[in-house]
Amino acid sequence: MKKLLTTTLLTLALAFTASAADKDKHDHATKAGPTGGRLITEVEPHVEFFVNKDKKVEIRFINDDNKVVAPGEQVISVTLGERSAPTKLSFAKEGDKLISDKAIPEGNDLPTVVQIRAKEGAKAVNEKFNLNLEQCPTCKNKEYACTCAHGDEVKK
């Protein structure tokens, strides 16, 4: 009986995990910032992550009215690409935004970690996502900042 209960609980846990992963894979609508980048709302002010035409990452700080505010003491770092040889980006202020020191690596659907600190030495907030640079077929944004949850029509 104990073995059956353990097996049942394990099966339910795996089914729930697979269902959650499937939902995350297909229900990827996010909020977009004013520039059309991915909006990270776990911090105040919010952070917009945007890849420009030169393949550099721009970071803007966004208030609750979806308006850009000047960077303060925030410290941002981005790590993306292959785990065996990740690319680490540093940022410098440029007007009302931070811009990366180099371009993102070639490829698409790059595993990405954005680390945000309110100031040097503060506890970090990490945002993880795949940087998919394909154009969304239904909204005006790139897939990494897609706002339309178009995966809902996929049969599960």
Side-chain angles (χ1 to χ4, degrees), residues 16-120 122-156:
F16 177 76
T17 303
S19 173
D22 189 50
K23 180 180 182 339
D24 183 54
K25 181 178 176 183
H26 295 296
D27 183 22
H28 61 275
T30 62
K31 293 181 180 180
T35 310
R38 182 184 190 97
L39 194 61
I40 301 168
T41 58
E42 288 75 21
V43 294
E44 288 288 339
H46 306 314
V47 170
E48 182 185 25
F49 177 100
F50 178 75
V51 178
N52 67 23
K53 63 180 171 46
D54 297 326
K55 301 281 186 164
K56 288 191 172 188
V57 174
E58 296 178 6
I59 299 290
R60 288 180 178 78
F61 298 96
I62 311 298
N63 66 18
D64 288 335
D65 296 325
N66 213 30
K67 303 287 185 210
V68 176
V69 295
E73 296 181 63
Q74 298 94 334
V75 179
I76 305 284
S77 64
V78 173
T79 305
L80 67 166
E82 299 298 321
R83 281 188 171 190
S84 59
T87 299
K88 296 184 181 201
L89 304 178
S90 299
F91 292 85
K93 280 186 186 178
E94 187 177 285
D96 64 353
K97 65 183 176 275
L98 303 179
I99 191 155
S100 63
D101 58 340
K102 54 190 163 198
I104 63 172
E106 289 298 315
N108 193 25
D109 221 19
L110 301 167
T112 302
V113 178
V114 180
Q115 190 174 71
I116 307 160
R117 297 178 189 277
K119 61 181 181 179
E120 190 67 48
K123 184 177 179 190
V125 171
N126 293 317
E127 176 81 3
K128 298 177 183 181
F129 57 93
N130 282 346
L131 182 58
N132 183 337
L133 297 170
E134 295 294 321
Q135 185 65 45
C136 173
T138 34
C139 73
K140 63 181 179 174
N141 299 323
K142 299 288 186 187
E143 285 288 345
Y144 75 91
C146 173
T147 60
C148 65
H150 59 78
D152 287 345
E153 71 275 4
V154 175
K155 299 260 191 248
K156 295 181 182 178

Novice: Which donor-acceptor pairs under 3.5 Å do side chains of residues 78-88 form with protein atoms, sequence neighbours excluded?
Specialist:
none

Novice: Can you list every pair that meets salt bridge (charged side-chain N to carboxylate O under 4.0 Å, His left out) and has a residue in residues 125-142, with sequence neighbours left out?
Specialist: R38-E127
Novice: Looking only at heavy atoms, which two atoms of N130 and P111 are closest? And how far apart?
Specialist: OD1-CA, 3.4 Å
Novice: For residues 43-59, which residue pairs qualify under salt bridge (charged side-chain N to carboxylate O under 4.0 Å, His left out), counting only residues two or more places apart or in two chains?
Specialist: E58-R60
Novice: Between C148 and T138, which heavy-atom pair has the shortest distance, and what is it?
Specialist: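 Looking at all heavy atoms of both residues, the shortest contact is SG-OG1, 2.9 Å.
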Novice: So with a 6.0 Å cut-off around CD of E106, is the heavy-atom count from everything else above 12?
Specialist: no
Novice: Looking at CD of Q74 and CZ of R117, how far apart are the two atoms once the value is rounded to the nearest 0.5 Å?
Specialist: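 Those atoms lie 13.0 Å apart.
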Novice: Partners of A70 by side-chain contact (heavy atoms from CB on, under 4.5 Å), sequence neighbours excluded?
Specialist: none
Novice: Distance from L39 atom CG to E42 atom CD, nearest 0.5 Å?
Specialist: 9.0 Å
Novice: Hey, could you give me the CD1/NZ distance between I59 and K97, rounded to the nearest 0.5 Å?
Specialist: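 That separation rounds to 11.5 Å.
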Novice: Stepwise, does the side-chain contact (heavy atoms from CB on, under 4.5 Å) test hold for I62 with V68?
Specialist: CA-CA 5 Å; I62 311 298; V68 176; 3.8 Å; yes
Novice: By side chain to side chain donor-acceptor pair (under 3.5 Å), which residues pair with N141, not counting sequence neighbours?
Specialist: none
Novice: Mark yes or no for whether T35, through its side chain, and G33, through its backbone, hold a donor-acceptor pair below 3.5 Å.
Specialist: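 Not at all, since once roles are kept as given, no pair shorter than 3.5 Å links the two residues.
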Novice: Rounded to the nearest 0.5 Å, what separation is found between the SG atom of C146 and the NZ atom of K31?
Specialist: 15.0 Å
Novice: Using side chain to side chain contact (heavy atoms under 4.5 Å, CB included) as the criterion, point out the one residue from T41, N63, I40, I116 that pairs with H46.
Specialist: T41
Novice: Using side chain to side chain donor-acceptor pair (under 3.5 Å) as the criterion, list what pairs up with D65, not counting sequence neighbours.
Specialist: none
Novice: With sequence neighbours left out, write down each residue that passes ring-ring contact (aromatic ring centres under 6.0 Å, His included) with F129, or none if nothing qualifies.
Specialist: F49
Novice: For S90, which residues count as a side-chain contact (heavy atoms from CB on, under 4.5 Å) partner, sequence neighbours excluded?
Specialist: D101
Novice: Closest approach of S100 and F91, non-hydrogen atoms and distance?
Specialist: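 Closest heavy-atom pair between S100 and F91: N-CD2, 3.4 Å.
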Novice: Output all residues satisfying side-chain contact (heavy atoms from CB on, under 4.5 Å) with K93, sequence neighbours left out; order by chain, then residue number.
Specialist: P71, L98
Novice: For the atom pair CG (L131) and CD1 (I104), what is the distance rounded to the nearest 0.5 Å?
Specialist: 5.0 Å
Novice: Quick check for you: to the nearest 0.5 Å, what is the distance between Y144 atom OH and L133 atom CG?
Specialist: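 Going from OH on Y144 over to CG on L133, the span is 7.0 Å.
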Novice: Mind running side-chain contact (heavy atoms from CB on, under 4.5 Å) on F50 and V57 for me, showing each step along the way?
Specialist: CA-CA 6 Å; F50 178 75; V57 174; over 6 Å; no
